[in-house]
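We count ligands from 1, going down the list as the structure has it; atoms in each ligand are counted the same way. The figures here come from the full heavy-atom set of this structure, side chains too, leaving out hydrogens, waters and symmetry mates. Source: prediction; values computed, not measured.
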Amino acid sequence: MTSQRPVALVTGASRGIGRGIAVGLARAGMNVAVVYRGNETAAGETKTLVEAAGAACLLVAADVAAAGDRDRLIESVRAEWQRCDLLVNNAGVAPLERKDLLEATEASFDRVLGVNLKGPYFLTQAVARWMIDQQKEHAGRRFRIVNIGSLSAYTSSPGRGEYCISKAGVGMMTALYADRLAEFGIGVFEVRPGIIATDMTSVVKEKYDRLIADGLTPIGRWGTPDDVAQAVVAIAEGRLDFSTGEVINVDGGFHMRRL
Ligand code: NAP
C-alpha cells in the first residue's frame, strides 16, 4: 500500500542509536523501515515501540555490506510503501577485537570497512537514484540522507584503526553526496555522536565512566540514543533545509579544543 506518511529507512535500528532514531522518527510522523542484521528479538522490540508511537513499521533483515541484501532491502520498502523520503545510514560495527595498529588484521579491516563505509556508500547510491526518480513524480516531497559518523573520524585510537578509517570515510562520503545531490534538492548530513550508552560501548563502560568523570567532555555525562535521535529528527523535519554537507556533533562538546 502506498504510504501517506513520509517513510524513513533506518539501518541498524534493532538496537542502540538506530532504535532511538526509529522511535524518534515515528513520533515525528514517519513510517519506518527497521533494518537489522540478525537480532530478530531486538528488532521486534523496536517494531513494538515504533507502532506504539503511531507509525507503521517494516522489519527487514539485511547485511548492508552485501550487495544482494541492499537490493532486496530497497525492493522490500518499495513493495511495502512505494516511497522513501529519508535514509539513515546508522548500522555500524566495532572491530571484534581491539588490536594495536601494528598487529591488526586485513580481515578485520575488510569487515569493518564493508559494514561502516562500503555498505552505506552503495546503499546511498541506490536510494539516491530512487529518490531522484520519486521526485519526478512528486515535486512537493523533500528527500534527505543522514549518515551516522563518529568522533573517531578525527580522533586517533590506534587500538581500532580500521574503525577510525571507516568513520573518516563517512565524513568524505557525506561531502561527496551532499555535493552531488544538491541539484536534486536532496540534503545530506552527518550526525557525529560522541560517547553514547549502547551495546557497542558497554564493553568499555568502566574506561569511559572514568574519562567522563575526569572531565573528557564539557557536558559531563554519557550521551543517549535519544540525544542522537533529536538531531536526526530536526533534519527530518526540515529545520536545516538551507544546509547540506553539514556535520552535527552530538558529543557533549568533545570536539572542542580546550586549554
Ligand atoms: P550497536 O548497539 O552495536 O547496534 C548496532 C546495530 O547495527 C544493530 O541494530 C545491528 O543489528 C546493526 N548492524 C550491525 N551490522 C550490520 C550489518 N552488517 N547490516 C545491517 N545492520 C547491522 O551500535 P550503536 O552503538 O547503536 O551504533 C550505531 C552507529 O553509531 C554505528 O554506526 C556506530 O559506529 C555509531 N557510533 C556509536 C557510538 C557509541 O558511542 N555507541 C559513538 C559514535 C558513533 P543486529 O541487532 O541485528 O545485530
- In this structure, which one of Glu51, Arg15, Arg19 forms a side chain to side chain donor-acceptor pair (under 3.5 Å) with Thr46?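 Of the listed options, the one satisfying the test is Arg19.
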Polar-atom distance check: [X] versus ligand 1, any N or O pair below 3.5 Å?
X	value
Ile196	yes
Asn116	no
Val35	no
Arg37	yes
Ile17	yes
Gly38	yes

Enumerate the atoms of ligand 1 whose separation from the nearest heavy atom of [X] is less than 4.0 angstrom.
X	answer
Asp199	2 (O)
Tyr36	21 (N), 47 (O)
Gly194	38 (C), 40 (O), 42 (C), 43 (C)
Thr201	39 (C), 40 (O), 41 (N)
Asn39	45 (P), 46 (O), 47 (O)

For [atom], what is the closest protein heavy atom, and at what distance to 0.1 Å?
atom	value
atom 36 (N) of ligand 1	Tyr163 OH, 3.7 Å
atom 19 (N) of ligand 1	Val64 N, 3.0 Å
atom 25 (O) of ligand 1	Thr198 OG1, 2.5 Å
atom 32 (O) of ligand 1	Asn90 O, 2.8 Å
atom 5 (C) of ligand 1	Gly92 O, 4.0 Å
atom 48 (O) of ligand 1	Arg15 NH2, 2.9 Å
atom 20 (C) of ligand 1	Ala62 O, 3.1 Å
atom 17 (C) of ligand 1	Asp63 OD1, 3.7 Å

*Hey, quick one: are Val10 and Leu73 part of the same hydrophobic cluster, counting side-chain heavy atoms closer than 4.5 Å, chains of contacts allowed?*
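Hydrophobic grouping puts Val10 apart from Leu73.
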* Asked: Would you say Tyr208 and Ile196 are hydrophobically clustered, going by side-chain heavy atoms of ILVMFWY under 4.5 Å?
  ->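 Cluster IDs for Tyr208 and Ile196 differ.
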Would you check whether [X] reaches within less than 4.0 Å of ligand 1, judged by its heavy atoms?
X	result
Ala42	no
Ala61	no
Gly149	yes
Arg192	no
Thr11	no

Q. Going through the distances and angles, do Glu75 and Arg72 end up as a salt bridge (Lys or Arg N to Asp or Glu O under 4.0 Å)?
A. CA-CA 5 Å; Glu75 280 319 307; Arg72 182 172 50 75; over 6 Å; no
query = At what distance, to the nearest 0.5 angstrom, does CG of Leu86 lie from CZ of Arg142?
reply =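 So the gap between those two atoms works out to 12.5 Å.
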query: Looking at CG of Leu101 and OG of Ser156, how far apart are the two atoms once the value is rounded to the nearest 0.5 Å?
result: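 Spacing of CG (Leu101) from OG (Ser156) equals 8.0 Å.
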Please state which part of [X] comes within less than 4.0 Å of ligand 1, counting heavy atoms only: side chain, backbone, both or neither.
X	answer
Arg19	neither
Ala13	backbone
Ala197	neither

Report task. Can you label the angle between the Phe254 ring and the Tyr154 ring as parallel, tilted or perpendicular, going by 30° and 60°? Result ->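 Aromatic pair Phe254/Tyr154 classed tilted.
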| request: Go through the structure and list residues passing salt bridge (charged side-chain N to carboxylate O under 4.0 Å, His left out) with Arg221, not counting sequence neighbours. | output: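 Salt bridge (charged side-chain N to carboxylate O under 4.0 Å, His left out) check on Arg221 returns Asp227.
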- Carefully, step by step, assess Asp241 and Arg144 under the rule salt bridge (Lys or Arg N to Asp or Glu O under 4.0 Å). CA-CA 9 Å; Asp241 271 357; Arg144 303 175 183 94; 2.8 Å; yes
(Q) My understanding is that only one of Asn147, Ile148, Val35 makes a side-chain contact (heavy atoms from CB on, under 4.5 Å) with Asn89; could you say which? (A)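 The option that passes is Asn147.
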Hey, which of Ser166, Ser108, Pro95 is the one that makes side-chain contact (heavy atoms from CB on, under 4.5 Å) with Arg160?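 Among Ser166, Ser108, Pro95, the one that satisfies the side-chain contact (heavy atoms from CB on, under 4.5 Å) with Arg160 is Pro95.
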* Pairs meeting criterion ring-ring contact (aromatic ring centres under 6.0 Å, His included) with involvement of residues 79-137, two or more places apart ->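 Checked against ring-ring contact (aromatic ring centres under 6.0 Å, His included) - neighbours excluded - the pairs reaching residues 79-137 are Tyr121-Tyr177.
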